[in-house]
**Student:** 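Sharing a structure here in structure tokens format.
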Protein chains: 2
Amino acid sequence: MTELKKFLDLIYPIHENTWGILKVLFKDERLKKGDFFIHEGEIATRFAFLQDGVVRAFYTNGEGKDYTKHFFTAGSIIGGYSSLITGKPSLFSQQALTNCKVLSINYNQLLSLYDAYPDLERLARKFAENYFVSNEAKEAKIVLNNADVRYLEFRNIYPGLEQIIPQYHIASYLGVSPTQLSRIRKKMT
Amino acid sequence: MTELKKFLDLIYPIHENTWGILKVLFKDERLKKGDFFIHEGEIATRFAFLQDGVVRAFYTNGEGKDYTKHFFTAGSIIGGYSSLITGKPSLFSQQALTNCKVLSINYNQLLSLYDAYPDLERLARKFAENYFVSNEAKEAKIVLNNADVRYLEFRNIYPGLEQIIPQYHIASYLGVSPTQLSRIRKKMT
DNA sequence: AACATCCCTATACATATGTATAGGAATAAT
DNA sequence: ATTATTCCTATACATATGTATAGGGATGTT
């Protein structure tokens, strides 16, 4: 719980009593390796703070093929944010790549607090803004860098992750085939 | 101004008196074809409602090459949103492809109203959320569809735009070379 | 210990797409 | 009207990357 508080304080420090109201809404939850936090096509009702473990977000392309949108590690927020906002089915899934510990919260319960706690709504605004900014920065990197560069960046952003997860997930994160990632790795030796 | 009000009401209808305070902050501005609304590397200080014309947002790749991130048509918000939020240099430029009419507003002036007008902050939250959602939906399409499909979608999303702007901009929007777009178009005849 | 499973690598081949270049249609300029 | 620009298309070629397949570590299972 302290980790979550620290995380939120970095975005916008809400009042102590607001935090008192908010924190009781979070529930401990466990995900086993392979479990889905949200399924593509499902309408999200909650999101969560990832305390421990690794989660992969991915789009699926109809037949087997998937595209890894993001890896989440400890200290991240997971959940179908767009689906929560719109109330429409999520475009992607989120699946635990390892056993995970999360603190999850019902989105409607959170929403119902905004009227009475403007500092919470400010936090929500800043969260949305920050989330937007990081997504856009990521977009820029995808567009401007080739797979070689993005692979090196992946290793910087997620130190140690390469040793934990299968390589074909990394390939799909980079937008290339496993064969191609293998070639890139070979080239870099 | 009425168009802007309608646009905002669709996101979140603020009180009439809040609107009275807000609207005086908007200033009429003209862009001539080729003018930049924001330059890559510049720190944004304002954003705008595009009343008329077409604006292209694009990343540049060091040497000449650019990647078209988005086309804005009448009724859109333009500006370096991430740069406004972070206070850091913009990662992309926005350039008028035609003569444009915009209503621009200073971001700090807007920010200073949030404390006194919670409905305005709610509007800001919802705007950020919506913007996030549409960016994510676009990401999904880029990842899941090939250039052929995205070309057809481009024509649906921006009816008539194809006739107004050079084809190499569309190609760069689709992430392919002009030659390749020409091949795609030929194939579809 | 033997076997099965998972998954990374390597090879060969096919193909999509980029680059370079030229031609020509359309538009703008003098 | 003539010329100059702009820009779309077509061609030929090079190359990066995907697909298909097989082999072999590594790890886990019985």
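Chain A is the first sequence line, chain B the second, and so forth, proteins listed ahead of strands; every chain is numbered from 1. When reading the values below, keep in mind they use all heavy atoms of this one structure, side chains included, and skip hydrogens, waters and symmetry mates. For clarity, every value in this text was computed on a predicted model and none was experimentally measured.
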**Student:** Rounded to whole Å, please give me the gap between CD1 in B:Ile170 and P in D:dC8.
**Tutor:**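 It is 8 Å, rounded to the nearest whole Å.
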**Student:** Separation of B:Gln163 atom CD from D:dC8 atom C1', in whole Å?
**Tutor:**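 Rounding to the nearest Å, CD of B:Gln163 and C1' of D:dC8 are 14 Å apart.
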**Student:** Do the side chains of A:Glu29 and A:Arg46 get close enough for a salt bridge, i.e. N-O under 4.0 angstrom?
**Tutor:**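 Yes, charged N to carboxylate O under 4.0 Å.
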**Student:** Any chain of hydrophobic side-chain contacts (each under 4.5 Å) joining A:Leu91 to B:Ile142?
**Tutor:**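 Looking at the clustering, B:Ile142 is in a separate group from A:Leu91.
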**Student:** As a test of reading the structure: which of D:dA20, D:dA10, C:dC8 is closest to the side chain of A:Thr179, going by heavy atoms?
**Tutor:**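 In terms of side-chain proximity for A:Thr179, the closest of D:dA20, D:dA10, C:dC8 is D:dA20.
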**Student:** Compare side-chain N and O positions of B:Lys65 against OP1 and OP2 of C:dT19 and report whether any pair is under 4.0 Å apart.
**Tutor:**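 Yes, such a contact exists.
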**Student:** Could you check how far CG of B:Leu181 sits from P of C:dG18, rounded to whole Å?
**Tutor:**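 In whole Å, C:dG18 P and B:Leu181 CG are 10 Å from each other.
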**Student:** Grab the CD-C1' distance between B:Gln167 and C:dG24 for me, whole Å please.
**Tutor:**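 B:Gln167 atom CD is separated from C:dG24 atom C1' by 15 Å.
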**Student:** At their closest point, which heavy atom of A:Ser90 faces which heavy atom of A:His39, and how far apart are they?
**Tutor:**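 Closest heavy-atom pair between A:Ser90 and A:His39: CB-O, 4.2 Å.
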**Student:** Between C:dT19, C:dT9, D:dC8, which nucleotide gets closest to the side-chain atoms of A:Arg185?
**Tutor:**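 Of the candidates, C:dT9 comes closest.
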**Student:** In whole angstrom, give the distance that lies between atom CG of B:Asp148 and atom P of C:dA16.
**Tutor:**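 Roughly 10 Å, once rounded to whole Å.
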**Student:** Quick one: is B:Gln180 getting a side-chain N or O under 4.0 Å of the C:dT17 phosphate, OP1 or OP2?
**Tutor:**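 Looking at the OP1 and OP2 atoms of C:dT17, one of them is under 4.0 Å from a side-chain N or O of B:Gln180.
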**Student:** Could you check how far CG of B:Leu174 sits from C1' of C:dT17, rounded to whole Å?
**Tutor:**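 About 14 Å, once rounded to whole Å.
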**Student:** Look at the side-chain N and O atoms of A:Tyr168 and state whether any lies under 4.0 Å from the OP1 or OP2 oxygen of C:dC8.
**Tutor:**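 The answer is no; no side-chain N or O of A:Tyr168 sits under 4.0 Å from OP1 or OP2.
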**Student:** In plain terms, say whether A:Glu136 and A:Lys141 are close enough for a salt bridge, that is, a side-chain N and a carboxylate O under 4.0 Å apart.
**Tutor:**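 No, this pair does not count.
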**Student:** I want to verify a distance call: between C:dC8, C:dT9, D:dC7, whose nearest atom is closest to the A:Pro166 side chain?
**Tutor:**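 From the listed options, C:dC8 comes nearest.
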**Student:** How is A:Arg183 classified with respect to the nucleic acid when contacts are heavy atoms under 4.0 Å: base, sugar-phosphate, or nothing?
**Tutor:**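 Counting heavy atoms under 4.0 Å across all strands, the contact made by A:Arg183 includes a base.
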**Student:** In whole Å, I'd like the distance from the CG atom of A:Asn146 to the P atom of C:dT17.
**Tutor:**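 Computing the A:Asn146:CG to C:dT17:P distance gives 18 Å.
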**Student:** Do NZ/NE/NH1/NH2 and the carboxylate oxygens of B:Asp52 and B:Arg30 come within less than 4.0 Å?
**Tutor:**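 B:Arg30 and B:Asp52: not salt-bridged.
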**Student:** Provide, to the nearest angstrom, the distance between the NZ atom belonging to A:Lys33 and the C1' atom belonging to D:dG28.
**Tutor:**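 Rounded to whole Å, this separation is 11 Å.
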